[in-house]
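In each ligand, atom 1 is the first atom listed, and ligand 1 is the first ligand listed. These figures come from a predicted structure and were not determined experimentally. Sequential numbering from 1 along the given sequence is applied to the chain's residues.
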Amino acid sequence: GCNICVRKCPFKAITIVNLPEELEEQAIHRFGENGFVLYRLPFVSEGDVTGILGPNGIGKTTALKILSGDMLPNLGGEASDWSDIIEHFNGSILQTHFEKIKDQDIKISIKPQHIRSIPKASSGQVGELLEGVDERGVLDEMAERLQLKHVWDRKLDVLSGGELQRVAIAACLSRKADLYFMDEVTPYLDIYQRKRVASFIRDMPEESTVLIIEHDIAILDLLTDRLHLGYGDPGAYGIITKPKGVRKGINQYLDGFLPDENIRIRSESIDFKQASASGRTGGKELIELPNLVKEYEDFKVELDGGQLYQGETVGIVGPNAIGKTTVVSMLAGKTEPKNSDVNLDLKISYKPQYIKADVNMDVGSFLATITSDYGSSYYKTRIMNPLSLDELVESKINDLSGGELQRVAIAACLSRKADIYILDEPSAHLDVEQRTMAIKTIKRVVKNMESSALVVDHDIYMIDLLSDRLMVFDGEPGIEGHAHGPYNMRKGMNMFLKNLGITFRRDEDTKRPRINKENSHLDRKQKRNGEYYYL
Ligand code: ADP
Ligand code: ADP
Ligand code: MG
């Protein structure tokens, strides 16, 4: 193993080194004798939106549970009571906070991480549920801005993931509370919806205090006033840093080195090399995509056509319910196009957005049914290591967490031999490190196989990292959709961001994309020049 970083890196077994000595005194909670330990807590600042950015499994949710009084921390040792906690935080902001928790003198409204269990807890309709919690009297505005009117009379258990997520966010924010805790707001939402949620939170009354965990960096950047980073060894221990400025915090996180803490959290930085504006990297033509049309009773979608080149990864952007799955399924020969004279002879490997987990098999055996490469050193370096699958081979598929299942599904998709790999939202449930590794894996496989990949994603950082070129879906969700491109990044991003009404600049240090403030000097200038995506 190497001695550089704290995280177990997928390539080398890395062990913990320079952890701060005073850390042991700052243990907040230990699960069982040799269980996970959380060190330090984030704290809020009144009237601000505070963010937490960090890998999965380092105690972010645990920290929220403790701060909300849901869980009594044991300070790393024997059980304690709230008086011990107050004593422990003597003289800090957290002392006052925990005094209020003890006296039940604080109201906290929570958006939980896992929304799938909400329908079980509430059997009514969306409208009834939201009317019951609307202490701020903002129901109409909220229904409009979070696009909930069409589901008002529906029961929770028939909602799509994205609809349920917005209902959960609405329920959390419509309460009158001293603190709003939100454990991830972007899962299942497309970019339009993410942006709407972000502006809705920003437009909360000035005195609102929000603490939010999020893996979509563009949204965190847009949304928060200050940022705690989390790092550690997932499943073993996690440390929460002091709050940082948002730009600085994100840059340090991507860089992998935290200067204030003097600690390296990752052996490599996550680099946003500026994509070449002209796109493709010189592969041979793989296929000429046909013009395809599909009409259902209430929905119509059309794909213009266009070329795909060997070795390239094409990002797909657009709202949900715009026809992405329908187009893919026509390409794969699973759905008959209206213009059925098209003759397609393509091998497509497809990872759907919602992954089914009802497989009673362990991960290793499952992957072995897909490829005879399983077990080879080639497969290990290409697929198993970068997706950190070794730790999962013996787990049953139906016991996996969302992020674990996602990594297995990506591996399964990439293990088949295909002309085109199509992955629908591979970043869902993954943290920033896992997203980055998933992208590297996809790109490498595609280059190696001289095939090509189409990747739908709603995380703009991921789109930026993965795309050689861009396909843009526009239209009206649920009614009609149109797929344009693939275009080079500049043209594609301009088209897409114009629809969204936002402009990006590049961070000077990391080159990462940053959303411009609406109506700022740069925003107006870039819109005037038609340069929405600054290259
Ligand atoms: P994050 O939100 O950063 O993904 P969590 O706070 O959910 O992390 O969990 C951190 C670690 O704490 C997990 O990896 C798990 O090992 C451990 N953990 C969480 N809840 C429990 C529990 N109730 N009992 C034992 N261990 C737990
Ligand atoms: P996306 O993948 O962009 O989210 P989809 O292709 O899944 O979008 O769906 C686009 C629209 O087509 C949705 O409104 C959906 O309800 C509709 N649709 C999809 N499949 C069918 C079908 N078999 N019959 C009727 N309508 C369908
Ligand atoms: Mg879909």
### Message
Heavy-atom contacts with ligand 1 below 4.0 Å: which residues, ordered by chain and residue number?
### Response
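Heavy-atom contacts below 4.0 Å: Phe31, Phe36, Pro55, Asn56, Gly57, Ile58, Gly59, Lys60, Thr61, Thr62, Gly235.
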Ion pair check, [X] and [Y], cut-off under 4.0 Å:
X: Lys396; Y: Glu404; value: no
X: Asp459; Y: Arg435; value: yes
X: Lys338; Y: Glu295; value: yes
X: Glu391; Y: Arg407; value: yes

### Message
Counting the benzene-type ring for Trp, do Phe98 and Phe89 have ring centres under 6.0 Å apart?
### Response
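Ring-ring flag for Phe98/Phe89: true, centres closer than 6.0 Å.
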#### Entry: Residues Gln353 and Thr325: side-chain donor-acceptor under 3.5 angstrom
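Not at all, the side chains of Gln353 and Thr325 share no donor-acceptor pair under 3.5 Å.
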### Message
Can a side-chain donor-acceptor contact be found between Tyr487 and Arg469 if the only test is distance below 3.5 angstrom?
### Response
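Looking only at side-chain atoms, Tyr487 and Arg469 do not form any donor-acceptor pair under 3.5 Å.
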### Task
Decide whether an N or O pair under 3.5 Å exists between Ala321 and ligand 2.
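Yes, there is a polar N/O contact under 3.5 Å.
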### Task
Indicate yes or no: does an N/O atom of Lys324 lie under 3.5 Å from an N/O atom of ligand 2?
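It does: an N or O of Lys324 is found under 3.5 Å from an N or O of ligand 2.
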### Task
Would you indicate whether the side-chain heavy atoms of Gln147 and Gln193 approach each other to under 4.5 Å?
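Contact flag for Gln193/Gln147 side chains = yes.
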### Query
Any idea which atoms of ligand 2 are less than 4.0 Å away from a heavy-atom of Asn320?
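The list of qualifying atoms is 4 (O).
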### Task
Report, in ascending order of atom number, the atoms of ligand 2 lying under 4.0 Å from any heavy atom of Ile322.
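Within the 4.0 Å cut-off of Ile322, ligand 2 contributes 1 (P), 3 (O), 8 (O).
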